[in-house]
Structures are given as structure tokens and as C-alpha cells.
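Input: a single structure, listed below in C-alpha cells.
Every chain is numbered from 1 and lettered A, B, ... according to where its sequence line falls, protein lines coming before strand lines.
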Amino acid sequence: MSARVLMLGNEAIARGLVECGCSVAASYPGTPASEILSAAVQWRKACGVPMHIQWAVNEKVAMEIAYTASLTGLRSAVSMKQVGLNVASDPLMSAAYTGVVGGFLVISADDPGPHSSQTEQDSRLMAMMAKVPVLDPASPAHARDLVEIGYELSETFGIPVMLRPTTRVCHACQDILPGEVRQLGRKADFRKTPARWAATPAFRFELHRELAGKLRAIAAWPRTAPLRLNPHAASRRAVVASGVVSAHAVDVLLEAGLWDSVPIYQVVQPYPLHSGFIAHILEAYEEILVLEETAPVIEMQILDRQRVRGRMTGAVPEAGELLPEIVDRLIAEFAGLPVKAEQAEAKGGGRRPTLCAGCPHRSSFYAIKKAAPRGIYPSDIGCYTLGLNLGGVDTVLCMGAAVSQAAGFYQAYHLAGEEIDIVATIGDSTFYHAGVPPLIDAVVQGARFVLVILDNSTTAMTGYQTTPALGIGAAGEPTGIVDMETLVRGCGVGFCKVGIPSRLPEFVGLLKEAVAYSHAHGPAVVIAREPCVMDRRLASRLKTGRKARVNEECDGCRHCTEQFECPALVYDDGGNRVFVDTLMCTGCGVCLHVCPRGAIVEEDQGVVGKS
Amino acid sequence: MNRQPGGPAAGRQQIVVSGVGGQGVLFVTRLLADAAIRRGESVLTSETHGMAQRGGVVVSHLKAGVFASPLVRAGQADGLFVLKEENLSIHRGFVKSGGWILVNSVRVGEADGDETLHAIDADGLAHEVGNIQAANLILLGFALTRLGTPDQGGMLFCSVDDIRAALHQRMGERESVLWSSIAALDLGIFHGKR
Ligand code: SF4
Ligand code: SF4
């Protein structure tokens, strides 16, 4: 039997880190990057190597910790999703100037589509802005290899290197032969060089010039030069592609019988694009089709507007993922083949996501609508964004914005002398990540709103990572604890009370009290504390046994399915009456309070045996 | 490797698995991928993670054999597993003409073109055995017998033994889960033979 194992792209990246002797890895979870850090924990254990691996409170902190380890000569890495890179952009811009000692990888996972993100921004553009090289893997195996090349590049030129996988790499699986794990035997050894590590603006100019020199050299570094995939093909037209789009293009060319006639180049390092390559393709081809996700990073570096086709010229759609169906059409057009009749793209539609049966967030949103029926409900990023389905979420901008948007709404209405109810929701992990500074600001400005911190003791959306309140690290090790109530009070908030959302009537009462307080005094915080039902670690803390049953009073009014939307409440075949899917019901008992006709009642204890 | 040269299941195969979050779409896909590796094939899959996993549409792609891209194109799949019947209309466009579709459904629906449609009420059976999580493996077991395995010139690239071995490899340490999974697979196999 072969020793190849199936690895998720993110596991392959983590494997690369461990094989290359990475000593410090930090991250904040975000789809599609989350599994990189958890896989690093697994590989560390399996390979028995010394490594510091941690979830950080946010991406900026993660980047600064990992970057600093590189200043001591160790290899390090930070991983995040693309919008996390926005949060970490401050240290990135500066680190490009100051450079690195040990190899430093910034892994920023993009999400063309987008599938699970607020934007489809291209981290490669951020690399370009920061002036650091970026590598664009096409598959899990390629991503693992590029970790190694990335470290070599980083140490050869003393520069941070970005690895930019996309969702289709992170969440692809491939059979991979695990490589040898190298122990570099390095020890932290920080050499004080204030002119570099604490450079003042005058020195920064010098550092910038030095950086420009590095980039020129990197644009000629053979290890990351574009690959000519089918050297035998000759034509006056060529395809230039990177990332997973180059993989789609290879399959499309093979299947369309164009492999021997259309030259294809795979760009491994989209920025800086190799200068020799630019000269070569402009010399050799009359027409060049550039296929890349999501911004025209390669395209804009090929400075010939006459010959290049891509996102900027309109030849390639300017937004969205380049799915193989689209690549197929683009290549057929480019090669002058008849374009097949629009194939039914098997995409879109279908059941929308919803909060799990028994999710405590559902009762929180239901209670908020009861306590402040005419309120404005700013919210944030997490499972609870799905409160959208329940009418409990009016805005979602970016991490932490629930708090500042609540303040913004208050100030805007306050100008006109209007005092409205504002009830914002934010998850526990998101609150620690970016909710604290705006809460301090709200206290200072006397903004009047209620902030409900949905504290389910986990970062559920991205795979149940721990939060600072738990005292548990990435590998389950004990860590320090930051107590949420103390933190909220420390921000200067005068009203901070904890409630259990599944005790619906009491919780509505608590919210009403908070709303009244906020109108009189300023920000009020309610901590809705109840564990996520899906997090296995927390399962023991759940009480069960209030299984619901629907009696004859149900007239199919749809209140519970539309306003409350528990997936365990389903219609019978005729759609006339609701019943409880007993295998799905967690027994949270909240729906007992939801039916206006009182038709949802508690199942007799005797019947609840099955679970 | 003991492949039937030229047999319909030899070498490359593209499969799409469709369902909603919580049904174990990824699990089935990874078992099939493990099975491909056992047969000495290269394999690429593509999975849905993130918000869709909270009960939304989840679809994964599997390509056994030599491919570069992890995604299956519309009209190219050899077969489609549908764990949630309502997804059939959304994802049947993946299947090529002459391909097969396996649906978790109480009734056998109509084939659109010349695909072969097989149905099993995997949810009903899963409810009966008190394990709603098991519908995915019941469907897979059913598929293995209905489609036939490569050694008999069947339509699927892997065999019951490959999947059993993959289950052991993935769950070896959690015995009770392993045995309930094997039981679910066997239940599907049993119904496939009927
Ligand atoms: S995973 Fe947890 S937090 Fe997310 S919807 Fe399900 S129960 Fe709620
Ligand atoms: S008790 Fe009611 S609300 Fe809670 S999970 Fe069961 S059906 Fe859903």
C-alpha cells in the first residue's frame, strides 16, 4: 500500500510548515484558512517537533508575534483569511521595509466567489501594495511545496513572503506523500540593530530603496519563475494563468484537444512578475490571455495594452470566481473554437443556511425582537450573522463593527433629537477580536445602545476554536483567562448583566431593562451566555430533556417557522401543521414560549427516552 | 493495483456529492477519496466549508485519476450522490449523459435524459435505526451494490472492501462510532441487493 495520505489543502500547508522547521505559528480563525493552524497542532504532535502554535486575539496580534519570532532568526508563519489581512495590514506594510532574519511566511487565504466572506478581495494586491513577493499555489501539493520555496525566498532576500491560496486550494483534498521533517536546531538570537528594527523616517527611506532592490532581484529569481507547462505547443497566442485557475485551464486545454496547440504558462509568483518572463511573452506572442483570481495583478504588470486580454480589458469577467465552466468558455473564445451552447451551470439556489436546532443565538434574536420590536439591530461576523433569517440582523460590515455601527446609528439619530432602540449583537470571539476599542469609544461618547454579547464559549462558525475566556489553547493546553464581565466593566460600561437566552421570558425582561438603562445612561451590555450545541467540548454543559411536541392546536400559521426558524420544527406533508423532528430536537425548550396559540408543549418525560 | 483495463470504472472518474450541512457530505467524499488512494489512483476533491455547513447547500467534488483541477464541470460527472432530494434539480446538471444518480428519496424520480436513477429512503432507514447521521453511509452502501464495483466491471471506481478499509482507517480508534458506521454501510448494502 502506498504511503500517500489524503490531505486538505490547509493540512498540506501546515505539513509544509512543520517539514520546513517553522518554530512559531499564529493565526486567527477565518474561512477558508482556519484549518491551517489546527493541522499544524496535529502535525506537531505526530512529528514530535518543538513549535509554539497559538490562536491570537486577532490577525494583527498574530502577525506581530510571528514576525518578531523571525527577527530572532527562527522560521515563523502567520495565517488568516483575506479580510484578516486587512486587520494585519499595519504590521505587514512596515515589515516589508524592516525585513526579516528567519524565514517569515504570511499565509492569506482568498475566497473568490465569495463563498464565506464579505469581499472577494485579492491578497496579492495587498502584497503588491506592501511590496512583498507573493506565491500562488494551484493545488494542495503545490501549496506544500511553495511553503518550502517561500522560506528559501524569504531567507535569501530577508523579506516577508506571502503565500496566497484560495478556497479551492485550502478546501481541496489531494493524495500527498508526507516529506521529511527537518529540524533546523535554531535558537532565538536577537541582534539589536535599532537603525533597522526601530527605524525612524529618515532610515525608512533607505529601507524603502533597499526593498526596491530586493524586488528587482526577486523578479529574476529562478526558483519562482513561471512554468511553461506544454513546451511543445507553438502558437502566436498564449495563456498565462496562476493559482487554481491554471489547474482548471490545464484540464480544459487537455479535454478540448488544445494541449498541443495553445501554449500555457503557470505563474507561480504573481508579484513581482519575473521581468524576463514579461519580455519573453511580449516577444513571442501576439495575444496573451491572462486568467487569475480575483484582481488583474499579473495582467497589470504586462505593460502592453494591445496584446493582453484579461479582467481589465473585459475579456474576463471583472468579478467572481473563474470556475472551470468559465475558463472553458474563455479559452474556446481565445482559441477561436466555436463556443458551446451555454452549459447549465449547476450552481446557486437551494436551502439556505440556518442556525442549528437548539442554537442559543436563536432565542437571543427572538428575545431582542420582543424587547425592542422597532429597534435597529447592527450585528457582526459569525454563525449569528444567520440571525438575518430571523429579522434580528440589520447590518453586517466587518469584525467588531456591530459596536461602532450601534454608536454611529445613535449619533445620527441623536442629531435630530430622536432616541431609538438600538440592540447590537456580537459573538464572544469577535468581541475580543475587535469589539473592545469601539466599546471604550461608546462609553467615552455616551452612545446609547444595548450590546448583546452572544457568549457561546467558542468560535463556532470557523470550527469551534477557543476564546480568551476559556483558558484553553490551540492544542488544548491551559492558558491564561480574560474574564468577559471584568473586561466589559473595565471599558467603563455601567450596566453589564449575564442572562441565559433559552430562559426566554426572563431573558426578554433582562433585555428590556438594558434598553431602558441605555436610554438613560449610555451603553449597556447583556452577556447572553449559553454554550454552542455543536461544540463537543461543551456538550456536557448542556441540559436536555425539555423535548417539544406540537399538539392539535397548531393551525399552521408559520409564526414558529418564519420568526423562529428552528430546523427541528417542520411541516407535515400537506404543509398544514408543524411537528417536531425528534431526532433533531435538542430539547432546548425555547419553542414552548414561541407559539402564539400555545400549541408547542413539553413532551411527556416518559417518551423522551430516545436520544 | 488490479484494474480492469478499459472497464467503465477503470482509471478516471468524476463524482459529485450533494446535500446540506450536517449530513456528512464531506465524510462520504473523503471515504471515496481514501478508497481511490487504496486503489493506487491520484485523487483531488473539493469541499464546501463555512457558513453553508449550517444547514445550507453543501456540495463536494471528487476526481479519481490524473487531473489538475479539483472541480468537476457541468455535464462531466460520471455520477452524482444526492443526500437531500431537493438538491437534485440544482446539481443534476453536473452529470454527463449516460451517468448515474443516487438519490436519498422515498420514490424513484424521473430521469431527465439517459442517466440511470437509483433511489433509497436513507433518511427513513436512518430514523428507523435511531441515527439520523447515518443516512450518508446507508446511501453509500446502497450505491456500492447497485452500481457494482470495478472488479465486476461495475460503474463505481471502488469496492465495498475499499470503503470498509477506509472506515477502519478513519475511525479505528473510536470503536463504537466505527461499528455504527459499518452497520449503516451494511444496511445500505443489504438494501442495494434487494
Ligand atoms: S454551530 Fe453553534 S453557534 Fe453556530 S449555529 Fe450551530 S449551535 Fe449556533
Ligand atoms: S425544543 Fe423546540 S426550539 Fe429547541 S431544538 Fe427542539 S424544536 Fe427546536
Side-chain angles (χ1 to χ4, degrees), chain A residues 1-2 4-6 8-9 31-32 34-35 111 115-117 138-140 167-175 244-252 254-255 323-325 327-328 343-356 359 383 385-386 460-463 567 581 583-584 610, chain B residues 16 18 20-22 26 29-30 33-34 36-38 40-63 66-77 80 84 86-87 89-95 126-127 130-133 165-166 169-170:
Chain A
M1 202 183 73
S2 82
R4 289 175 298 141
V5 295
L6 190 69
L8 187 67
T31 312
S34 312
E35 301 84 6
D111 187 24
H115 297 275
S116 220
S117 306
S139 68
T167 302
R168 302 302 186 180
V169 173
C170 293
H171 291 158
C173 288
Q174 189 172 17
D175 54 305
V244 77
V245 190
S246 66
H248 301 332
V250 165
D251 280 359
V252 163
L254 281 165
E255 280 159 32
L323 291 166
E325 288 85 353
V327 171
D328 188 9
Q343 246 165 355
E345 263 170 46
K347 300 278 140 33
R351 184 171 292 237
R352 66 181 182 183
T354 181
L355 297 168
C356 302
C359 175
C383 280
T385 306
L386 294 168
M461 176 93 275
T462 48
D581 182 331
L583 285 175
M584 225 188 218
K610 203 155 83 172
Chain B
V16 173
S18 155
V20 298
L26 302 192
T29 314
R30 288 190 182 185
D34 286 342
I37 295 178
R38 286 184 172 273
E41 300 287 356
S42 315
V43 68
L44 275 167
T45 74
S46 176
E47 305 180 340
T48 309
H49 288 238
M51 191 162 272
Q53 286 181 304
R54 304 283 170 263
V57 173
V58 168
V59 59
S60 59
H61 300 205
L62 177 136
K63 293 163 97 171
V66 180
F67 289 95
S69 159
L71 293 180
V72 175
R73 263 185 289 156
Q76 303 260 336
L80 168 71
K84 195 86 183 168
E86 67 198 34
N87 287 7
S89 58
I90 314 172
H91 293 138
R92 72 184 313 155
F94 275 117
V95 182
H127 261 95
N131 180 6
I132 38 169
Q133 311 295 349
Q169 178 191 324
R170 287 210 169 253

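Residue with the most contacts toward chain B among A/Leu8, A/Val244, A/Val327, A/Leu254: A/Leu8 (heavy-atom pairs, distance under 4.5 Å). The candidate with the highest count of non-hydrogen atom pairs below 4.5 Å against chain B, out of A/Ser246, A/Cys173, A/Ser117, A/Ser116, is A/Cys173. Ranked by heavy-atom pairs shorter than 4.5 Å toward chain A, the options B/Ser42, B/Ala52, B/Pro70 are led by B/Ser42. Considering only heavy-atom pairs separated by less than 4.5 Å from chain A, the leading option among B/Ser89, B/Ala68, B/Gly56 is B/Ala68. Contact count versus chain A (heavy atoms, under 4.5 Å) is highest, among B/Val43, B/Asn87, B/Leu62, B/Ile132, for B/Val43. Across A/Thr31, A/Leu355, A/Thr354, A/Asp175, the residue that shares the most heavy-atom pairs under 4.5 angstrom with chain B is A/Asp175.
Heavy-atom distances place no part of A/Pro567 under 4.5 Å from chain B, backbone and side chain included. For chain A, the nearby part of B/Glu86 is the side chain; its heavy atoms alone come within less than 4.5 Å. Contact of A/His248 with chain B is made through backbone and side chain together, with heavy-atom distances under 4.5 Å. Contact annotation for B/Val20: only side-chain heavy atoms (C-beta onward) come within less than 4.5 Å of a heavy atom of chain A. Residue contact with chain B, scored on non-hydrogen atoms closer than 4.5 Å, is absent for A/Asp111.
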Candidate pair B/Arg73 and A/Asp251, rule salt bridge (Lys or Arg N to Asp or Glu O under 4.0 Å), full reasoning: CA-CA 10 Å; B/Arg73 263 185 289 156; A/Asp251 280 359; over 6 Å; no
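Here the closest non-hydrogen pair linking A/Arg168 and B/Ser46 is NH1-OG, 3.4 Å.
Rounding to the nearest 0.5 Å gives a distance of 11.5 Å between CD1 of B/Ile90 and NZ of B/Lys84. Put simply, NE2 on B/His49 and CD on A/Glu35 are 5.5 Å apart, with the number rounded to the nearest 0.5 Å. Remark: B/His91 NE2 to B/Leu80 CG distance equals 8.0 Å, nearest 0.5 Å. Atom OG1 of B/Thr48 sits about 10.0 Å away from atom NE2 of A/His171, to the nearest 0.5 Å. The CD atom of A/Gln174 sits 13.0 Å away from the CZ atom of B/Phe67 when rounded to the nearest 0.5 Å.
Using bins of under 30°, 30° to 60° and over 60° for the plane-to-plane angle, the ring pair B/His61/B/Phe94 lands in the perpendicular bin.
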